[in-house]
Amino acid sequence: MNRPYNFSAGPAAIPAEVLEQAAAEMLDWHGSGMGVMEMSHRGKEFISIYEQAEADLRELLAVPANFKILFMQGGGLAENAIVPLNLSHAATVDFVLTGSWSQKSFKEAGKYAAQAHVSASAEDSNFTAIPPAASWDLSRGASYVHLCTNETIHGVEFHELPDLKALGSDAPLVIDFSSHVASRPVDWSRVGLAFGGAQKNIGPAGLTIVIVREDLLGHALPACPSAFNYKTVADNQSMYNTPPTWGIYMAGLTFQWLKRQREGGLTGIAAMEQRNIAKAELLYRSIDQSQLYLNKVAPNCRSRMNIPFFLRNEALNDAFLAGAKERGLLQLKGHKSVGGMRASIYNAMPLAGVQALVDYLHAFEQQHA
Ligand SMILES: *Cc1c(COP(=O)(O)O)cnc(C)c1O
């Protein structure tokens, strides 16, 4: 089947092989006589799906043994409350604001922490740059420091995680990696907790992944709902309440797909990272070399996953989108708060899809020169 290329920011494209396998197993999973959505989460069939998914994610992201992997519900936005409910100790939390998602996290944390403090903000650059880490105003005794490591709307990515110790902070680093999870390796020596919704790069909406260092468990505020208490969730292997079973199954199929990927002698996440670099370079180069298109993000923090761009002649926006759709290039319209276009090129987008977009960018520019 020849499917169009889907550039949606999320929920986003899922590898066709994964969808095909899920379709084949829909009515009868491995001879059990049940579909995955119909199984008890405590039965041996689902437990085997869960254990495999957890082990594969741990292997793919090289998650150290002293971190717990939690499969939760609520999405990235719920984590904006769940993180401070678990980690804030009712003390100060520090935020580095690099776009809409970190702004949202900051506003929500203020409801639960004693104080939500802005350590740095890129708002005066319209979120086209990341303030240098040396300039961050980190609080003494903060309970954690929050970053959104890939700003899905503004197209800004941290290519390296800060070393908070070297910056004089003893606080654990919390990262929202919703929109670039599994696109590259994670340096766990610099992270206390990472969270992400699944619907950008892992599977269907409804599953949220939390990876948390064990020593951060057990400090929740009294008001924290039990189903959102990380220690309770960890102590019950993510089955304190019914987990998002379908999401875990689909994520597990995606993890198996990731493990099969090969690129230039590399496998798994390392292979994906190489492919993602090649895809992003191809698209940014084509935008930068054109007279019609423009990306405003500083080159040192351009996202490999979400690439917002503008037509210098905005009157052509509708024609651009209509022509793209005709060629099977879907969901390129930018987020309403930023305008213009956005190409989200997550793991499931092959290089051929980016090449098809680049060919279209060129043809459309020629046509309207
Ligand atoms: C999409 C997204 C979210 C929000 O996820 P929901 O599942 O809608 O709550 C949070 N953070 C980032 C970086 C995102 O891209």
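Just so you know, ligand 1 is whichever comes first in the structure, and atom 1 is the first atom listed for that ligand. Since this is a predicted model, take the numbers as computed values, not measurements.
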Trainee: Quick one: does any side-chain atom of Thr149 pair with a main-chain N or O of Phe158 as donor and acceptor, under 3.5 Å?
Mentor: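 No, Thr149 side chain to Phe158 backbone: no donor-acceptor pair under 3.5 Å.
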
Trainee: What donor-acceptor contacts under 3.5 angstrom involve side-chain atoms of residues 308-322, with partners at least two apart or in another chain?
Mentor:
| unit_1 | atom_1 | unit_2 | atom_2 | d |
| --- | --- | --- | --- | --- |
| Arg312 | NE | Gln291 | O | 3.1 |
| Asn313 | OD1 | Ala315 | N | 3.1 |

Trainee: Need the list: ligand 1 N/O atoms against protein N/O atoms, distance under 3.5 Å, rounded to one decimal.
Mentor:
| unit_1 | atom_1 | unit_2 | atom_2 | d |
| --- | --- | --- | --- | --- |
| ligand 1 | 5 (O) | Gly76 | N | 3.4 |
| ligand 1 | 7 (O) | Gly76 | N | 3.4 |
| ligand 1 | 7 (O) | Gln199 | NE2 | 2.8 |
| ligand 1 | 9 (O) | Gly76 | N | 3.1 |
| ligand 1 | 9 (O) | Leu77 | N | 2.8 |
| ligand 1 | 11 (N) | Asp176 | OD2 | 2.7 |
| ligand 1 | 15 (O) | Thr152 | OG1 | 2.4 |
| ligand 1 | 15 (O) | Lys200 | NZ | 2.6 |

Trainee: Test your reading of the model: is there a side-chain donor-acceptor pair from Arg58 to the backbone of Phe67, 3.5 Å cut-off?
Mentor: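 Yes, the answer is positive, given that a donor and an acceptor are paired below the 3.5 Å cut-off.
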
Trainee: With the threshold set at 4.0 Å, does a side-chain nitrogen-carboxylate oxygen contact exist between Asp288 and Arg302?
Mentor: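 Answer for the salt bridge query: yes.
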
Trainee: Applying side chain to side chain contact (heavy atoms under 4.5 Å, CB included), run through Ser179 and Asn306 and close with a yes or a no.
Mentor: CA-CA 8 Å; Ser179 53; Asn306 310 98; 4.0 Å; yes

Trainee: Do side-chain atoms of Tyr293 reach the backbone of Leu361 as a donor and acceptor pair under 3.5 angstrom?
Mentor: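 Checked: pair present.
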
